[in-house]
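One structure is given below, encoded as structure tokens.
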Amino acid sequence: MTFEIEINNKPVKVKRGETILEVLNRIGIKVPTLCSMKDFVPTGMCRLCVVELEGRDMLIPACSFKVEEWMKIKTHSPRVVLARKTIIELLLANHPDDCLYCERNGNCELQQHAEDMHVRERRITGQKNTTFLDRSSIALIHEPSKCILCGRCIRVCTEQMGVSVLSFIRRGVATSVRPALEKPINSSNCVFCGQCLKVCPTAALSDRVNFSEMQVFFHDPHKKMAVTYSPAVSAIIAEYFGFKTSKNVNAVIQNILRKIGFEIVFDTSLATDIMIVEMCGDFIKRLRENGPFPMFSSSCPAWVKYVEQTHEGLIKNLCTSKSFSQISGVVAKHVIARQKSLLPEDIYLVSILPCTAAKFEASRPQMTLMGISDVDSVITVREFIRMIKMYGIDVDRIVAEIEEKEVASTASVAGKLVNISGGTTEVFLKALSHFLVGKPFAANFSVPRMINKDYKEFQVEIGDYKLGIAVINGLSNVNVLIQQLSNRDDVHFVEVMACTNGCMGGGGLPLSWSKEAEKRSIKSLLEWAEEDTVKWVHHNTLLKDVYDNYLNAPMPSEFHERLHTYFVKREVLI
Amino acid sequence: MATFADLDSTQIYRRHVTVPSIKVGMGTCGTIAGANRTFEAIQQYLSERSISANCVRVGCLGLCSLEPLVEVHLPGRCRLLLKNVHHSEVFPILDDLFHQILPEEYAFAQYRDEALSPWNNVPFVEELPFFSLQNRVVLANCGKINPFDIEEYLSAGGYKAFQKAISVYTSAEVCDLIEESGLRGRSGGGFPTGRKWKSVLYSNAAQKYVICNAEESDPGAFMDRAIIEGDPHRVLEGISIAAYAVGATKAYIYIRTEYTIAIQTLEQAIRQAREKGLLGQNILNSGFSLDISIKKCPGAFVCGEETALIASIEGKRGMPETKPPYPSAQGLFKKPTVVNNVETFANVPAIIQNGPAWFAAIGTAQSKGTKIFAISGKTKYTGVVEVNMGTTLRKIIFDIIGGIKDNKRLRAIFLGGPIGHCLTESEMDIPIGFDELRQAGLSMGSGGMVVLDEDNCIVDTLRYFSHFMQHQSCGKCIPCREGTRRLSEIFDKLTRKPDPLYKSAPIERIKAIMQLEPLADVMRTTSLCGLGQSAATPVLSALQKFKSDFEEHLYERKCSANVCKQLRSYSISPKACTGCGVCVPKCPTEAIKGSLRSTYYIIEELCISCGKCVDACKFNAILIQ
Amino acid sequence: MHDDNIDSLLKTYPAGRQEYLIPALQEIQHRWGFISEEAVKKLAEYLRVPSSVIYGVATFYNQFRFVRQGKYHFQICYGTACYLFGTSTLLEELESMLGIKDGEISDDGLFSLEVAGCLGGCAQAPVVAVNGEFYTHVTLHQLRQIVENIRLEENLR
Ligand SMILES: Cc1cc2nc3c(=O)[nH]c(=O)nc-3n(C[C@H](O)[C@H](O)[C@H](O)COP(=O)(O)O)c2cc1C
Ligand code: SF4
Ligand code: SF4
Ligand code: SF4
Ligand code: SF4
Ligand code: SF4
Ligand code: SF4
Ligand code: SF4
Ligand code: SF4
Ligand code: FES
Ligand code: FES
Ligand code: FES
């Protein structure tokens with residue numbers, strides 16, 4: 001039903017049930033907001049979006065009021081503007097004057113609001129909350145003194161991820177956002193998915209930036225700098241910088257990385273192919289030994305940690321293969337190194353991913369064997385973008401060229417697909433069919449159908465095997481299945497990715513990454529996969545070469561230990 | 001299943017007792033004043049002297065400052081009220097009384113009864129303005145019946161209204177009656193109760209709830225506690241009628257944990273009502289079922305706000321939600337819910353029993369019935385009084401409650417505590433009533449009245465209130481969370497010497513004062529709930545009325561009430577100082593210099609006016625200005 | 001021992017319902033004087049409420065403590081009436097005498113301090129309670145006496 005209301009003295013057609021904010025957005029009037037998030041029920045916490053109703057003394061928040069016939073709204077009357085400005089000034093009065101040194105400088109919603117409202121004076125002053133800085137975790141930094149208590153992180157962590165690490169504690173000015181019993185983040189149940197920091201308007205939550213640490217090694221004469229990046233990174237960078245040379249994006253990225261100073265540059269595709277082979281190996285072994293089923297994918301470190309802390313009983317169901325990022329480390333330090341006659345410890349490997357949890361994964365003790373870590377440093381796409389800027393690289397002018405072909409640059413489409421929810425399942429099933437029955441996979445399943453679905457279950461037939469498959473993204477959606485598992489034996493393989501839509505919605509993406517940008521970058525990835533010639537993992541000719549020459553045969557080998565890992569129960573407060 | 005015929009029992013006000021009857025006021029005030037020990041002492045006395053007598057605990061008459069209050073009814077004599085009966089005095093007092101000697105010092109009043117012989121020189125209750133000027137409707141039974149015994153409530157006519165409601169009227173008719181009576185919410189807002197009930201009655205939901213709001217945590221308010229402690233069944237009866245009227249089968253009483261006695265009283269009352277079949281399934285064969293549970297609030301002022309209260313019952317942080325939706329549409333567990341105040345419910349039985357016209361005849365045009373106030377601070381008596389709407393504050397303060405203590409001058413009244421208005425002597429003649437007060441730019445508040453005399457400092461009291469609000473803000477919305485803190489800092493600055501470490505302090509003070517009003521206005525107009533919206537009310541109203549007090553603190557750094565310790569300046573009188581040096585180590589800032597056996601002096605810049613040296617000096621040598 | 005009791009206490013509530021969180025916390029606090037980490041863990045499992053939420057709820061309200069109570073638990077009323085009659089001075093004195101602040105416990109475990117809202121004795125302000133026993137019209141002198149007496153008694157023991 002539509003009716004008319006008055007906004008800033010002009011009639012506007014509205015639909016019943018719309019909030020004032022939705023109407024204003026639609027007709028192109030911006031009111032500032034801090035606490036509201038698209039697709040979440042409004043809480044009305046920040047009061048920044050207040051508007052004036054004619055004839056009323058009280059101002060009302062546009063985000064949490066629905067339109068009604070009698071409304072005559074003023075969005076920028078002097079009272080409203082003053083109120084909003086005062087609210088921002090109140091926040092700033094309790095905020096460290098730290099912008100120049102801040103992780104979010106230039107990219108901060110609070111800063112932006114202060115600028116938009118022309119706050120130019122410390123009018124309101126007084127005591128500030130002094131809180132410690134939680135740097136306990138390898139992935140996430142929590143700086144409560146910069147928190148404006150908008151509650152977005154809590155809602156994402158609870159409603160979207162289903163992890164509930166953070167909660168408001170205490171009240172009044174003593175309110176803060178902390179894990180249970182105020183434990184450091186590192187000993188909490190945080191899975192480091194980074195979704196919270198993506199929605200945080202300030203630098204209260206940020207990821208630990210590794211690149212200054214890493215930079216040191218550029219000057220180390222004993223280290224060769226190597227870098228691996230997933231094709232998803234290319235897609236995101238292309239979208240971020242808006243370059244259209246779609247076919248040569250990979251070349252552009254490689255070029256950028258070389259200009260920055262990396263000597264060995266390769267993407268994660270080969271490692272992905274190896275991961276898929278190892279997954280098949282694990283699965284076939286389970287088929288022979290009758291379980292345990294279902295086998296859960298384990299390439300998402302956030303999901304792995306979630307299982308370790310919440311579902312001890314399911315640890316044995318996690319596929320023991322390392323993730324492609326970690327396998328890239330094996331490729332760099334054992335394959336490429338051998339090719340180049342280097343020792344594993346001569347190589348410093350950086351892995352660029354859209355993921356914050358991978359920082360944590362790389363630091364797991366299981367990922368270091370005899371003092372040699374698979375991956376020395378994980379940096380997010382965000383950090384990569386910053387590096388590009390810091391090293392003065394003018395992306396637009398980079399000529400697409402590949403200077404040198406690395407061994408690892410021939411690979412199947414798998415590398416492009418595994419970052420999207422459903423992708424791992426598609427390439428895994430195709431490969432499984434080959435290894436299990438020696439025939440191409442016949443069932444009708446492909447990744448694009450999974451996009452924007454968070455849960456899907458289906459049956460496939462491979463030879464005589466009838467297999468139940470589930471694909472899940474968004475950690476909060478996994479519990480429905482887990483609860484059913486105790487009395488179900490028809491599920492054999494489950495792919496879980498913690499973030500919505502998989503890594504393409506990961507915690508390491510540029511901040512303020514829009515849904516549209518996400519969609520477009522997924523589309524690019526799928527298009528590139530379409531153009532690829534090697535459609536099947538086992539068609540990767542390089543793979544055979546790698547296994548034969550460097551890693552020996554697939555399963556029982558000395559390299560099994562390098563390609564596989566194990567999981568342990570974690571004692572944290574749930 | 002019991003019926004009302006069975007429920008009729010003994011008379012409580014027996015004029016002719018055969019053995020002495022003693023009643024001890026054992027509400028919270030009484031208990032804190034030591035009524036338990038008084039009670040034990042009386043029992044000990046009775047057993048030691050082998051005297052047979054009835055000794056029972058009752059709720060309170062509302063004379064908190066006279067607690068422990070004991071009523072003694074000797075056979076043939078008028079009932080006598082004794083004040084401040086501490087346990088050590090019990091034996092001599094009772095010795096006197098049982099020998100028919102009046103313990104004059106303790107006698108406070110007596111109840112007139114022509115058939116009984118009065119005590120000499122003891123005023124009759126109706127001669128005391130404290131009683132004669134009140135109209136005790138809701139408090140009728142308080143201090144008279146034993147709140148732990150349902151029989152006494154029944155014989156005082158209790159539960160008749162409930163029976164009438166469920167057997168004579170439909171739900172809609174009960175709502176109509178309440179609406180006709182003009183009853184308005186007693187928590188301060190004055191929302192028409194009947195209208196609220198109707199919107200719940202007519203909302204379509206399988207499950208509905210009634211919540212009795214007994215949170216009452218604004219400092220200085222204790223009316224609801226007095227009602228519950230003195231007459232719990234009246235509240236239960238009101239809740240039951242409301243539940244019937246809106247079609248709810250489950251009710252909650254949300255009460256502060258600190259109210260231990262009130263909680264015990266309620267628990268016992270609910271148990272007894274269940275035993276009598278007045279709660280439970282198919283009550284008195286009417287087909288109506290109701291269960292009442294008590295929920296204890298673990299301490300947060302904001303949980304008095306209805307949406308926060310509901311969140312708290314649901315096991316969450318007590319943070320208010322945006323309204324609409326109102327609880328009457330989407331309340332507890334998202335179901336339609338009536339939330340009313342204790343006093344509102346306690347008014348209901350009498351309305352049903354006596355009819356809406358009776359109720360509407362009391363009070364003013366828009367505000368019907370009576371209102372209960374809790375008065376604390378610097379008045380002669382402190383306690384709980386019930387007056388007709390339309391009574392003036394002057395009558396309450398100067399007549400009923402005896403005026404200001406020690407004949408001092410009234411400075412201000414805070415009506416409604418830390419979220420209420422501040423009134424001066426000149427506003428004493430405004431009649432009490434929702435609209436009457438609103439027209440005068442004031443508001444009724446819940447009924448807490450804090451009275452300040454000339455010894456109290458307005459600025460310091462506001463500092464206290466603003467600190468209270470700062471700690472009570474739930475922290476959800478920015479204007480309230482950050483605003484209350486800045487307000488309280490402004491008052492800190494006003495009541496403190498300049499901080500030598502903070503050079504710009506003088507400018508900050510003046511800047512801060514200039515911001516006071518605009519800041520308060522943003523808090524009022526943009527905060528999410530009533531707490532933030534009214535957090536600055538006392539400040540704003542005091543700012544107009546006590547301008548000179550602010551100016552004095554601001555410009556002269558002086559507190560003429562001599563309350564703001566940190567504004568005092570300290571010096572040592574060279575004449576009186578013996579040079580003993582005792583004060584030196586006591587001073588936290590080492591502001592006292594000098595050498596032993598000569599006179600000492602205070603370095604003003606270092607002194608933080610803590611007053612420790614004054615306590616230390618045995619020769620009164622330290623002067624305060 | 002402690003945990004067994006928590007288990008049996010929890011059984012008195014229906015599992016998996018957040019609305020019983022506050023009553024359960026109150027009961028735990030009542031029995032053990034504070035909420036232990038173990039208790040939070042068990043509550044979380046039993047009521048199926050994340051422990052972060054439990055901690056968030058518990059710290060919202062005045063009543064709950066996460067540290068043990070001292071052998072002598074001081075409650076000092078900071079309500080309006082008491083404030084008007086000089087509680088702030090009493091509090092300062094008490095803090096310096098005991099060496100602890102609101103919500104803390106002294107190193108020897110003897111004293112803990114809680115600044116309370118109105119204790120209900122406004123007419124007898126200021127009010128201080130030690131282990132639930134009330135002292136009314138308290139003066140500085142009386143307060144010192146109370147603390148000294150406790151210290152004396154403890155030393156004799
Ligand atoms: C900050 C705040 C505190 C409140 N405290 C109480 C309270 O202690 N007791 C109460 O009955 N109502 C209190 N209220 C009012 C309630 O929200 C609600 O309006 C009331 O219980 C309705 O009852 P009534 O219609 O009978 O007055 C408070 C409101 C606010 C905004
Ligand atoms: S979070 Fe934003 S406002 Fe705060 S210091 Fe950083 S950039 Fe500045
Ligand atoms: S904007 Fe101003 S404060 Fe910030 S860096 Fe530039 S000159 Fe400095
Ligand atoms: S990183 Fe993920 S799990 Fe950790 S707090 Fe943020 S949203 Fe929650
Ligand atoms: S940490 Fe960030 S997202 Fe979370 S409440 Fe604070 S400001 Fe908001
Ligand atoms: S879904 Fe991808 S980005 Fe998200 S946590 Fe898992 S691996 Fe990292
Ligand atoms: S006004 Fe204050 S108490 Fe009310 S919701 Fe906002 S912060 Fe909480
Ligand atoms: S008042 Fe306090 S600070 Fe000032 S001189 Fe005396 S002891 Fe020292
Ligand atoms: S205690 Fe009194 S007499 Fe002794 S030095 Fe101090 S001021 Fe002088
Ligand atoms: S965006 Fe509307 S209140 Fe925060
Ligand atoms: S004597 Fe009853 S409230 Fe004080
Ligand atoms: S203010 Fe202290 S007892 Fe009420």
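Just so we're on the same page: letters track the sequence lines, and every chain starts at 1.
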The interface call for B:Y259 against chain C, heavy-atom contacts under 4.5 Å, is neither

Query raised in the report: Quick one: do the C:R31 and C:N5 side chains pair a donor with an acceptor below 3.5 Å?
Result: no

When the 4.5 angstrom heavy-atom criterion is applied to C:Q18 and chain B, the contacting part is both

Cut-off 4.5 Å, heavy atoms of chain B, and the answer for C:Y135 is neither

For residues 105-116 of chain C, dump all side-chain donor-acceptor pairs below 3.5 Å to protein atoms at least two apart in sequence or in another chain.
residue	atom	partner	partner atom	Å
C:S106	OG	C:D108	OD1	2.6
C:S106	OG	C:L110	N	3.3
C:S106	OG	C:F111	N	3.0
C:S106	OG	C:F111	O	3.4
C:D108	OD1	C:L110	N	3.1
C:S112	OG	C:G70	N	2.8
C:S112	OG	C:H73	ND1	2.7
C:E114	OE1	C:H73	NE2	2.8

Turns out that what part of B:V563 lies under 4.5 Å from chain C's heavy atoms comes down to neither

Are B:V450 and B:I413 side-chain neighbours, meaning at least one heavy-atom pair lies under 4.5 Å? no

Residues B:A214 and B:I253: closest non-hydrogen pair is CB-CG2, 4.3 Å

Using 30° and 60° as the class boundaries, would you call the ring planes of B:F468 and B:Y464 parallel, tilted or perpendicular?
parallel

Turns out that what part of B:D460 lies under 4.5 Å from chain C's heavy atoms comes down to both

Residue from B:C303, B:S312, B:G220 scoring the most non-hydrogen pairs under 4.5 Å with chain C is B:S312

Interface check, chain C: of B:A374, B:P298, B:G448, most non-hydrogen pairs under 4.5 Å belong to B:P298

Should the ring pair B:F130 and B:Y381 be called parallel, tilted or perpendicular, given that the plane angle runs from 0 to 90° and is split at 30 and 60?
perpendicular

CD1 (C:I76) and CD (C:E92) are apart, to the nearest 0.5 Å, by 10.5 Å

Greatest number of non-hydrogen atom pairs under 4.5 angstrom with chain C, of B:G417, B:C474, B:S376, B:C457, falls to B:C474

Cut-off 4.5 Å, heavy atoms of chain C, and the answer for B:L452 is side chain

When the 4.5 angstrom heavy-atom criterion is applied to C:F134 and chain B, the contacting part is side chain

Highest number of heavy-atom pairs under 4.5 Å with chain C among B:A33, B:S217, B:C297 belongs to B:A33

Check: B:Q470/B:S488 side-chain N/O donor and acceptor closer than 3.5 Å: yes

Bottom line for B:F414: the part with an atom under 4.5 Å from chain C's heavy atoms is neither

